Amino acid sequence: QVQVVESGGGLVQPGGSLRLSCAASGSIFSTMGWYRQAPGKERELVAVAHSDGINYADSVKDRFTISRDIAKNTVYLQMNSLKPEDTAVYYCNVRTFLSKNYWGQGTQVTVSS
């Protein structure tokens with residue numbers, strides 16, 4: 001059974017930093033990444049680490065960094081220079097080599113002074 005558990009959200013002032021972690025278990029994953037959903041908006045991709053590369057949303061390039069520890073089945077999202085518009089629930093997504101998707105429960109990130 002696949003389990004996906006996020007941690008690391010919270011309240012931070014504009015310009016601050018947060019690091020999100022996502023630990024997955026129960027399978028081997030080809031892709032691990034992060035999405036977010038702000039109130040009244042659709043869920044959007046933030047950053048994803050494929051087996052052969054990394055993609056970022058334009059809105060977070062040069063501010064966020066995704067990294068992956070394959071041995072631990074863990075993916076991280078280092079978020080720097082946070083802006084109020086980064087406020088959202090952040091979800092970890094993992095995909096198996098059979099293209100099955102799994103989501104974490106989400107972690108709230110609030111950027112406010």
Side-chain angles (χ1 to χ4, degrees):
Q1 182 178 359
V2 174
Q3 290 187 320
V4 182
V5 180
E6 304 114 332
S7 61
L11 172 65
V12 64
Q13 292 187 343
S17 298
L18 278 176
R19 188 188 193 215
L20 305 182
S21 300
C22 170
S25 61
S27 187
I28 299 173
F29 305 103
S30 61
T31 300
M32 301 182 78
W34 293 93
Y35 290 70
R36 67 187 180 187
Q37 188 167 17
K41 295 188 177 181
E42 294 187 354
R43 192 172 297 189
E44 63 177 2
L45 180 144
V46 176
V48 61
H50 303 283
S51 56
D52 60 353
I54 288 175
N55 294 103
Y56 291 97
D58 287 343
S59 60
V60 306
K61 281 181 181 177
D62 300 324
R63 298 189 299 122
F64 292 9
T65 302
I66 189 171
S67 60
R68 183 176 172 182
D69 186 332
I70 294 176
K72 295 182 178 180
N73 261 350
T74 300
V75 64
Y76 306 95
L77 186 67
Q78 178 65 43
M79 305 185 292
N80 298 328
S81 302
L82 282 160
K83 305 175 181 180
E85 51 263 44
D86 294 317
T87 295
V89 178
Y90 284 69
Y91 296 92
C92 180
N93 173 267
V94 299
R95 182 179 300 173
T96 70
F97 284 95
L98 296 178
S99 296
K100 288 188 177 181
N101 270 305
Y102 298 90
W103 294 90
Q105 79 284 358
T107 185
Q108 177 71 46
V109 172
T110 302
V111 185
S112 175
S113 54

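Because the structure is a prediction, the values reported are computed rather than measured. All residue numbers refer to positions in the sequence shown, counting from 1.
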Using a 4.5 Å cut-off on heavy atoms from C-beta on, say whether the side chain of Val12 contacts that of Met79. no

Closest heavy-atom pair and its distance - Ser81, Ser17: N-OG, 4.4 Å

Nearest heavy-atom approach of Gly9 to Val109 is CA-CG2, 4.2 Å

How close do Gln105 and Val5 get, heavy atom to heavy atom, and via which atoms? OE1-CA, 4.0 Å

Met32-Ile66 co-clustered via ILVMFWY side chain contacts under 4.5 Å: yes

If two hydrophobic side chains count as joined below 4.5 Å and joins carry through other members, does Leu82 share a cluster with Trp34? yes

dist Arg36:CZ -> Leu45:CG (nearest 0.5 Å) comes out at 10.0 Å

Nearest-0.5 Å distance, CD1 of residue Ile28 to OG1 of residue Thr96: 10.0 Å

Whether over 12 other heavy atoms sit under 6.0 Å from Asp62 CG: no

Nearest heavy-atom pair of Ala38 and Ala88: which atoms, and what distance? N-CB, 3.8 Å

Please check if the side chain of Asn73 supplies one atom and the backbone of Ser27 the other of a donor-acceptor pair under 3.5 Å. yes

Looking at Arg95 and Thr31, would you say the former's side chain and the latter's main chain have a donor-acceptor pair under 3.5 Å? no

Euclidean distance, Cys22 SG relative to Tyr91 OH, rounded to 0.5 Å: 13.5 Å

How long is the span from the CG atom in Leu18 to the OG1 atom in Thr107, to the nearest 0.5 Å? 9.0 Å

May I ask whether Ile54 and Tyr90 are part of the same hydrophobic cluster, defined by side-chain heavy atoms of I, L, V, M, F, W, Y residues being less than 4.5 angstrom apart, directly or through others? yes

Are Tyr56 and Val48 connected in the hydrophobic side-chain network, where two residues link if heavy atoms are under 4.5 Å apart? no

Evaluate Phe64 against Leu77 for side-chain contact (heavy atoms from CB on, under 4.5 Å), listing each step before the verdict. CA-CA 7 Å; Phe64 292 9; Leu77 186 67; 4.2 Å; yes

Taking the side chain as everything from C-beta on, heavy atoms only, tell me whether Thr87 gets closer than 4.5 Å to Ser112. no

CG/Leu20 to CD/Gln78 distance, rounded to the nearest 0.5 angstrom? 9.0 Å

Consider only side-chain heavy atoms of I, L, V, M, F, W and Y, link residues closer than 4.5 Å, and tell whether Tyr102 and Tyr35 are in one cluster. no

Begin from the C-alpha positions of Lys61 and Asp58 and carry the test salt bridge (charged side-chain N to carboxylate O under 4.0 Å, His left out) through to its verdict. CA-CA 5 Å; Lys61 281 181 181 177; Asp58 287 343; 3.2 Å; yes

Quick check: are there more than 12 heavy atoms from other residues, nucleotides or ligands sitting under 6.0 Å from CG of Leu11? yes

Rounded distance (nearest 0.5 Å) linking atom CZ of Phe29 with atom CD1 of Ile70: 12.5 Å

